[in-house]
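The sequence lines fix the lettering, A, B, ..., with proteins before strands; numbering per chain opens at 1. Values in this document were obtained by computation on a predicted structure and should not be read as measured data.
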Protein chains: 2
Amino acid sequence: MATIRDVAKHAGVSVATVSRVINETGYVHEDTRKKVETAIRELHYTPNEVARSLYKRKSRLIGLLLPDITNPFFPELARGVEDEMQANDFRIIFGNSDENMKKEKDYIQTFVQNNVVGVIASTNHPDNDTYRKLNIPVVFLDRTADNRPSVYSDGREGGRMAAQEIVARGSKKVTVIRGPKHIRPAQDRYQGAVDVLKSERIAFNVIPTSSYSFTEAGNWARELFEKHPDTDGVIASNDIVATAVLHEALRLGKNVPEDVQIVGFDDIPLSTLLTPALTTIRQPAYDMGKAAASLLIQLIENENVDNKTIQMPVTFTERDTTRKVEQYG
Amino acid sequence: MATIRDVAKHAGVSVATVSRVINETGYVHEDTRKKVETAIRELHYTPNEVARSLYKRKSRLIGLLLPDITNPFFPELARGVEDEMQANDFRIIFGNSDENMKKEKDYIQTFVQNNVVGVIASTNHPDNDTYRKLNIPVVFLDRTADNRPSVYSDGREGGRMAAQEIVARGSKKVTVIRGPKHIRPAQDRYQGAVDVLKSERIAFNVIPTSSYSFTEAGNWARELFEKHPDTDGVIASNDIVATAVLHEALRLGKNVPEDVQIVGFDDIPLSTLLTPALTTIRQPAYDMGKAAASLLIQLIENENVDNKTIQMPVTFTERDTTRKVEQYG
């Protein structure tokens, strides 16, 4: 069987030139191209995929698309991705999507124009053609879709956990803060919490919200205690919102956790430094980022990957905004 | 005078091919190259710089190097840079340096390999050859060097401000938490605070620190009140450290601001949601990022830039960890 070297010899050009013709990369003079094409036909040469990828010019760039780096959950994810990529000599083109599909498409397109060899994306639309039609590996991070490569934590289980623990510690009138409707993990958490509250027959109210913004979080916290002043347990949509609820509860002179318990979600670094320190459902953000990077590298390098959907554990992280279970267990 | 078009016609090739030969970009067949070179000699063609830059393949990538995206000050900066770059159709390759010169060099090198057209860097070593020898524009962000392009806020003035305000509100035994020695802005703030305390003849102690890590911040806060239990005013190295000091003061049963006042630095988004909300010296991080991006774009596009060193204002942001000035003014 003819090899690329045979083609090069036959055409009187270098192997690199043959590779350029096959992969349509770089400029090749028209006469040269014809010579190579003739040689390929005459020798019945079929470039195999391994040779293609060996000779195809590959960058060491990957694209990373996150919703918003100013939400303290995402820097941890990004840092995990970057440390793993850096250790493997890959570099990252980074963009914030603001959960906006137009911005996402725009970024994915320019990632491709810049020759990225893979993409890590936190998107609410993994089924969009933008991703379906990419012919480079994609890993979904903090999100999941069918059996496509992804690294995420179990939001539904996290929501269940938050409700179980707050109920086990004595809350009877719970308010659930429902995260933005268009963000999938937010809805998973919400659903998990509601499932448990219903099956435990605990009265609960819902405060719908539309973002994780620091300033808006304060408004929702005020709304919560105005509408439901007798709330004795709050399951927040994430730690930013939980921090705002804690701030508002203390401002109103409530004792936390005696009068009202609060459970957050994420375990952002500042949670331990709040007073009282925030009880939360922890997602291992840094490790999730590392795992996504590691999975993407395996896919880029065509390694055999057994497990392409990696679910990371959520853990109830007990601090001081919930009561001790001995008192109520 | 001969133009690039004349050369192309004379050599019997396209303008793009002549451009490739001149700029040594992309592949050109050896025979073609010789034809073009002959035409250039025969027509006495001199490519001018404008034509060079017009024909030279330019990417729309810039490199962004920050110390650590998990420090909540930097996501705001990064977001400012990205929003401005995105609006101008540039993309960002991003890296964390950990204030480590080897990592910095490594990143700058790969930025160049990936054809970035400019760099924004927060570095403690702007005078290093790595930056001096770059032949693309560089803007220093949150740092400054001589008269080279930079966007920063006045750390020294910020430090002075923190000391003046805490003294004006009655603190007599101040502890200054000195930020990491190798980080320039940290030393500027420290020096500014010490200048004022000395000239006002206020007794003060110093707690040296070596990072802005969340976990270590807790240790320094404990050390502070163990070593200097009668401290009645703390000037913290940044808001993370101030948050840890607040947490520790409350844990020890101190009233804030009655027993001890605390002033942070940066104004990270969570500062408003602490209880009591944190008084701090604000740096306009998002706007600094935007200004750096805008300056870099001007430099890339060879626009006439009048002001290449942009100092942004710091502002005393009064919240609830300091007393009201009426009581003491």
Exercise for review: First locate atom CG of B:Asp68, then atom CD of A:Glu82, and finally report the distance between them rounded to the nearest 0.5 Å.
Suggested key: 9.0 Å
Practice item. Would you mind telling me which of A:Leu246, A:Asp89, A:Asp98 has the largest number of heavy-atom pairs within less than 4.5 Å of chain B? Key: A:Asp98
Check your understanding: Between A:His29 and B:Thr17, does a side-chain contact (heavy atoms from CB on, under 4.5 Å) hold up when you go through it step by step?
Key -> CA-CA 10 Å; A:His29 191 276; B:Thr17 301; over 6 Å; no
Practice item. Name the option with the most non-hydrogen atom pairs under 4.5 Å to chain A; the candidates are B:Val28, B:Thr272, B:Ile92. Key: B:Ile92
Practice item. Select one option (side chain, backbone, both, neither) describing which atoms of B:Thr215 are under 4.5 Å from chain A's heavy atoms. Key: neither
Check your understanding: Would the number of heavy atoms belonging to other residues, nucleotides or ligands and lying under 6.0 Å from NZ of A:Lys9 be above 12?
Key -> no
Review point. Checking side-chain contact (heavy atoms from CB on, under 4.5 Å) for the pair B:Arg251/A:Thr275: CA distance, chi angles, key distance, verdict?
Key: CA-CA 8 Å; B:Arg251 199 187 66 81; A:Thr275 309; over 6 Å; no
**Study point:** CZ-OG1 distance between B:Phe90 and A:Thr110, expressed to the nearest 0.5 angstrom
**Key:** 12.5 Å
**Study point:** Heavy-atom neighbours of A:Lys103 NZ exceed 12 at 6.0 Å
**Key:** yes
Review point. Measuring heavy-atom distances to chain A, does B:Asn114 have an atom under 4.5 Å in its side chain, in its backbone, in both, or in neither?
Key: side chain
Practice item. Check the surroundings of atom NZ in A:Lys254: do more than 12 heavy atoms from other residues, nucleotides or ligands lie under 6.0 Å from it? Key: yes
Point to revise | Nearest-0.5 Å distance that lies between atom CG in A:Leu274 and atom OG1 in B:Thr243 | key: 8.0 Å
**Study point:** Spatial distance of atom CG (B:Leu61) from atom CD1 (A:Ile93) [nearest 0.5 Å]
**Key:** 5.0 Å
**Study point:** Between OG1 on residue A:Thr32 and CG on residue B:Asp31, distance to nearest 0.5 Å
**Key:** 7.5 Å
**Study point:** B:Gln113 vs A:Arg91 side-chain heavy atoms within contact, under 4.5 Å
**Key:** no
Revision key, fill the gap. Whatever's closer than 4.5 Å to a heavy atom in chain A on B:Asp83 counts as side chain
Point to revise | Most chain A-contacting option - heavy-atom pairs closer than 4.5 Å, from B:Thr70, B:Ile69, B:Asn96 | key: B:Asn96
